[in-house]
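Only one structure is covered here, and it is reproduced in the block below.
Just so it is clear: chains get the letters A, B, ... in the order the sequence lines come, proteins before strands, and each one is counted from 1. Keep in mind it's a predicted model, so treat the numbers as computed, not measured.
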Amino acid sequence: MGKKQLQQAIEKVVERGNKAFIPYIMAGDPDLSHLKEQLLFLEKAGATAVELGIPFSDPVADGPTIQDAGQRALEGGATVKKLMETLASFREEVSIPIVLMTYINPLFKYGLSHFFKDCQTAGVDGIIIPDVPLEQRPLIEEHMNQTDLALIQLVTLTSPDHRIERLAKASEGFLYAVTVTGITGARSAVSENLESFIYSLKKHSSVPVMAGFGISTPEQVKEISSLGDGVIVGSRIVDLLHQGKREEITQLIEAAVGTPASR
Amino acid sequence: MTTYIQPDQNGQFGQFGGRFVPETLMQAVLELQEAYEEAQKDPAFHELLEHYLKDYIGRENPLYFAENLTKHTGGAKIYLKREDLNHTGAHKINNTIGQSLLAVRMGKKKIVAETGAGQHGVATATVCALLNLDCVIFMGEEDIRRQQLNVFRMELLGAKVISVTHGSGTLKDAVNEAMRYWVSNVEDTHYIIGSVLGPHPFPQMVRDFQSVIGKETKQQILDKEQRLPDTIVACIGGGSNAMGMFYPFIEDEEVKLVGVEAAGSGIQTGKHAATLTAGEVGILHGSLMYLLQNEDGQIQEAHSISAGLDYPGVGPEHSFLHETKRVQYTSVTDDEALDALQLMCRKEGIIPALETAHAIHHAVELAKNSPKEEIIVICLSGRGDKDVMTVKSALEERQNG
């Protein structure tokens, strides 16, 4: 478990000529007793890794779908502590890497050192904290030492070149390319300059480049994953899981990683 | 006395502040910082700002000796800094005029803002009309209900008011939506945050634009009394009128500075907005500061009769001044504020905002117990016309219940 395993899981898929697919789900939606079964389903459907959201009352980078999922999870009683305990109880049974995505305040309240220690115990491989930009990383890093967790950096269409270079260097496990200037949520159109954006990320990054935000159809999955090493799909997966439409989730994943026979 | 220079180049006031925003906004806040620093050095910018402060907003506004109120309390002399006499009726416009001029300088044509009581929304809509900028205001649905008059005012001024239904439907949720909007439209839009909150450089910039309050007060009290006041009292939600009032006095250690938070139904009831009195350190809306949160780090809803104080955080600089103890922070309940509002109406013929009434209550209690030679200044941050319906129903409820 750890940053190397996360990176290798993506590289393995790419080496076979496919693209990686990381679905995002909200931990505890509708409650944490479903988590193990949800993760096993995603693994079986071909997910390369899973991005697992921790609910927060004020998610400023998220659109309505993930806001609502977070609300359901909070109402279902999800907390950082319970998530860590739940993950630790079955982690060995899930073999794909798990990346946590959370805003900083719940971790800050939990105690950062305590949190990173518990991540190790729970078998977490990486973490994304959207409201901790590069400039604020020292706050995190001083508590991360000795953990093998990948600290994944987001890079956006508004990041200028000199920043892209720094972000690409700093990111571990993979580099998260945000494909829209905006918040999470499904969109019908794909940004025009995406190709050159991801190309420049690939040039600077020594870790795989995963594209996410606004991707919702198998066609978009195919189109965007072809530019880099794969895609992350959040809002659409959260919706489909909530509605019980699991076949459609499988189709989305297969649009990147291929059918079981071709893997 | 050591010189007070805050924040540092990372936007931190001690451990507080910083820039906890999504990467999409980082370039915008860095550019804003650069543009602000440049504008500060440009005499032409200051000249333009001065022009609008004087001829459009009506500054300087008076520092008024409240003789009747002073006689009534029988103690210290009470002065009122009349921010309620500014164009649009509150201190908020000191900040919106500064930030909108900066937006024009940066070539941004669109403005987004959040509002609680609607005062900041009105002040933003006003300067946008003046400077021909597109204006979108996010406002919680609960606040829209409480402050219908201000909603119509904003619309009359040409702003688009968007109701926020997520969460508690108050100021915190309006800030969330305004930030989401900014993330999605950052290339042509400037976010005029309404208080000393948000990522660096906002807390510093808003403080600087608001510090005209304290600068004028200092000169005026020296002219009238040939000395500095003993105590200055201001109300605190996010804390912009207080920060603007306090900042020019921070190095004058003999001047006691008191910030008054909203205790709502009472601290012990849990229904309050007294962040420094009963909150804990956390990170929200771009800044490390004191917050109202539960044991899992989820932000809690604030409660106050005044929509403008209804925010679960408090500016990073206030958080810092609380820890260094340079400013004393206390709290006043809804009921006490209602009484103080009525007292000010009857004694001085001034209807203050419910926010301001919190500061008035504390200052009056303090004056009662202080010798006659002492001087207390209240920052009369805004007028109360917007609150009369709220006050009416609260007083009726009191009579019936």
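Between B:Val281 and A:Phe108 the shortest side-chain heavy-atom distance falls below 4.5 Å. A heavy-atom distance below 4.5 Å is not found between the side chains of A:Val132 and B:Ile283. B:Glu187 is listed as a side-chain neighbour of A:Thr181, based on a closest heavy-atom distance under 4.5 Å. Residues A:Glu135 and B:Leu30 have side chains in contact (heavy-atom distance under 4.5 Å, counting atoms from C-beta outward). For the pair A:Val60 and B:Phe20, the minimum side-chain heavy-atom distance is 4.5 Å or more. Side-chain contact between B:Glu23 and A:Gln153 is absent, with no heavy atoms from C-beta onward closer than 4.5 Å. With contacts defined as side-chain heavy-atom distances shorter than 4.5 Å, the pair A:Gln71/B:His166 does not qualify.
The part of B:Gln12 that comes within reach of chain A is its side chain, from C-beta onward, which places non-hydrogen atoms under 4.5 angstrom from that chain. Heavy atoms of A:Pro130 lying under 4.5 Å from chain B belong exclusively to its backbone. In this structure, the portions of A:Ile183 lying under 4.5 Å from any heavy atom of chain B include both its backbone and its side chain. For a residue to count as touching a neighbouring chain, one of its non-hydrogen atoms must lie under 4.5 Å from one of that chain's; by this rule B:Gln300 does not touch chain A. With a 4.5 angstrom heavy-atom cutoff, B:Ile299 touches chain A via backbone and side-chain atoms both. Neither the backbone nor the side chain of A:Leu107 comes within contact range of chain B, judged by heavy atoms closer than 4.5 Å. Residue A:Val80 does not touch chain B at all, counting heavy-atom pairs closer than 4.5 Å. Proximity to chain B (any heavy atom under 4.5 Å) is shown, for A:Ile129, by neither the backbone nor the side chain. If you measure heavy-atom distances from A:Pro55 to chain B, the contacts under 4.5 Å come from the backbone alone. Interface remark: A:Tyr110 contributes no atoms to any contact with chain B (heavy atom separation under 4.5 Å).
More than 12 heavy atoms of other residues, nucleotides or ligands shown are found within 6.0 angstrom of CD on A:Glu141. No more than 12 heavy atoms of other residues, nucleotides or ligands sit less than 6.0 Å from atom CD of B:Glu295.
Closest of all the heavy-atom pairs between A:Ala61 and B:Pro22 is CB-CG, 4.1 Å. Shown here for A:Ser57 and B:Gln298, the closest heavy-atom pair between the two residues is N-OE1, 2.7 Å.
A distance of 7.5 Å separates CG in B:Asn176 from CD in A:Gln67, rounded to the nearest 0.5 Å. Interatomic distance, A:Asn105 CG to B:His285 NE2, rounded to the nearest 0.5 Å: 10.5 Å. A distance of 10.0 Å separates CE in B:Met26 from OG1 in A:Thr158, rounded to the nearest 0.5 Å. Here the straight-line distance linking atom CG of B:Asp296 with atom NZ of A:Lys81 works out to 9.5 Å at 0.5 Å rounding.
Listed by chain and number, the residues in a salt bridge (charged side-chain N to carboxylate O under 4.0 Å, His left out) with B:Glu177 are B:Arg180 (sequence neighbours excluded).
The residue from B:Thr24, B:Leu25, B:Val183 that alone fulfils the side chain to side chain contact (heavy atoms under 4.5 Å, CB included) condition with A:Thr156 is B:Thr24.
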